[in-house]
Visitor: 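Before I ask anything, here is the structure I am working with.
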Amino acid sequence: QVQLVESGGGLVQAGGSLRLSCAASGRAFSTYAMGWFRQAPGKEREFVAAISWSGGTIYYADSVKGRFTISRDNAKNTMYLQMNSLKPEDTAVYCCAARRYPHPGLARVQYDYWGQGTQVTVSS
């Protein structure tokens with residue numbers, strides 16, 4: 001069993017930056033692929049970014065490519081999402097997820113464990 005806890009959300013003006021963290025329990029973290037998803041009010045949860053167990057394979061949604069950077073530190077059991085040039089349309093609850101497989105996926109159903117989420121609000 002893996003428990004995931006997100007932090008780092010908040011209120012920021014458009015053009016600003018935030019860094020989200022996802023702390024994981026359990027020794028299996030370094031063998032799992034990890035991902036970030038987000039859900040805006042009235043919308044379905046959508047893929048944001050994902051990273052393989054080693055960090056060697058990374059995927060981004062087109063909407064965040066060039067602005068967001070996903071990374072992980074297996075020694076600290078922590079994954080990060082650096083978000084720059086934030087836009088009002090990035091406003092959402094951001095959740096991290098873990099997949100019991102070393103390679104990342106883009107679909108929600110591919111992930112086995114989920115955090116509760118952290119709110120990101122971008123004002124215009």
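Along the sequence shown, residues are numbered consecutively beginning with 1.
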Visitor: If you measure from CD1 on Ile51 to OG1 on Thr57, what distance do you get to the nearest 0.5 Å?
Guide: 9.0 Å
Visitor: Are the side chains of Gln119 and Tyr94 in contact, using a 4.5 Å heavy-atom criterion?
Guide: no
Visitor: How about Ser17 and Asn84: does a side-chain donor come under 3.5 Å of a side-chain acceptor?
Guide: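 Checked: Ser17/Asn84 side chains pair up, N/O donor to acceptor below 3.5 Å.
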Visitor: Is the closest side-chain heavy-atom distance between Val48 and Leu81 below 4.5 Å?
Guide: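 In short, these two side chains touch, coming nearer than 4.5 Å.
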Visitor: Ignoring hydrogens, what is the shortest heavy-atom contact between Arg38 and Ala92? Give both atom names and the distance.
Guide: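 Heavy atoms of Arg38 and Ala92 come nearest at CB-CB, 3.8 Å.
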Visitor: Flag the pair Leu20 / Met83 as yes when at least one side-chain heavy-atom distance between them is below 4.5 Å, and no otherwise.
Guide: yes
Visitor: Flag yes if more than 12 heavy atoms outside Gln116 fall under 6.0 Å of its CD atom; otherwise flag no.
Guide: no
Visitor: If I compare all heavy atoms of Leu4 with all of Ala98, which pair ends up nearest, and what's the gap?
Guide: CD1-N, 3.7 Å
Visitor: Could you tell me the separation between the OG atom of Ser123 and the CD atom of Gln13, rounded to the nearest 0.5 Å?
Guide: 5.0 Å
Visitor: What distance do Lys65 atom NZ and Arg67 atom CZ have between them, rounded to the nearest 0.5 Å?
Guide: 12.5 Å
Visitor: For side chain to side chain contact (heavy atoms under 4.5 Å, CB included), just list the numbers for Ser21 and Met79, CA-CA rounded to whole Å, side-chain angles, deciding distance to a tenth of an Å, and then say yes or no.
Guide: CA-CA 6 Å; Ser21 297; Met79 175 180 65; over 6 Å; no
Visitor: Under the ring-ring contact (aromatic ring centres under 6.0 Å, His included) rule, what pairs show up with a residue in residues 41-82, not counting sequence neighbours?
Guide: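 The answer is Phe37-Phe47.
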Visitor: Is Tyr32 close to Arg99 at the side-chain level, that is, under 4.5 Å between some pair of heavy atoms?
Guide: no
Visitor: Does Gln3, at its CD atom, have more than 12 non-hydrogen atoms belonging to other residues, nucleotides or ligands within less than 6.0 Å?
Guide: no
Visitor: Can you find a heavy atom in the side chain of Trp114 that is under 4.5 Å from one in the side chain of Cys96?
Guide: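 Of all side-chain heavy-atom pairs linking Cys96 with Trp114, none is under 4.5 Å.
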Visitor: According to a hydrophobic-cluster definition based on side-chain heavy atoms being under 4.5 Å apart (Ile, Leu, Val, Met, Phe, Trp, Tyr only), do Val64 and Ile58 belong together?
Guide: yes
Visitor: So does Glu44 get a backbone contact from the side chain of Gln39, meaning a donor-acceptor N/O pair under 3.5 Å?
Guide: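 A pair under 3.5 Å: no.
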Visitor: Please tell me if the side chains of Val120 and Thr91 come closer than 4.5 Å, counting only heavy atoms from C-beta onward.
Guide: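 Side chain of Val120 against side chain of Thr91, heavy atoms only: no contact under 4.5 Å found.
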Visitor: I need the minimum non-hydrogen distance between Arg72 and Gly55, along with the two atoms involved.
Guide: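 Minimum heavy-atom separation between Arg72 and Gly55: CD-N, 4.3 Å.
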Visitor: Do Leu86 and Leu18 touch side chain to side chain, with heavy atoms closer than 4.5 Å?
Guide: yes
Visitor: If you measure from OH on Tyr113 to CZ on Arg100, what distance do you get to the nearest 0.5 Å?
Guide: 4.5 Å
Visitor: Test of understanding: with disulfide (SG to SG under 2.5 Å), list the residues that count as partners of Cys95, not counting sequence neighbours.
Guide: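 Partners of Cys95 by the disulfide (SG to SG under 2.5 Å) criterion come out as none, since no residue qualifies.
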Visitor: Run the side chain to side chain contact (heavy atoms under 4.5 Å, CB included) test on Val12 and Thr121 for me, step by step, so that the C-alpha distance in whole Å, both residues' side-chain angles and the decisive distance to 0.1 Å come before the verdict.
Guide: CA-CA 6 Å; Val12 64; Thr121 303; over 6 Å; no
Visitor: Could you check whether Asp90 pairs with Lys87 (Lys NZ or Arg NE/NH1/NH2 to Asp/Glu carboxylate O, under 4.0 Å)?
Guide: no
Visitor: Nearest heavy-atom pair of Pro104 and Ala50: which atoms, and what distance?
Guide: CB-CB, 3.6 Å
Visitor: Just verifying a value: how many Å separate Asn77 CG and Met34 CE, rounded to the nearest 0.5 Å?
Guide: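 Going from CG on Asn77 over to CE on Met34, the span is 9.0 Å.
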Visitor: Rounded to the nearest 0.5 Å, what separation is found between the NZ atom of Lys76 and the OG atom of Ser30?
Guide: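 One finds 15.5 Å between NZ of Lys76 and OG of Ser30.
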Visitor: Minimum heavy-atom separation for Ala33 to Pro102, with atom names?
Guide: CB-O, 3.6 Å
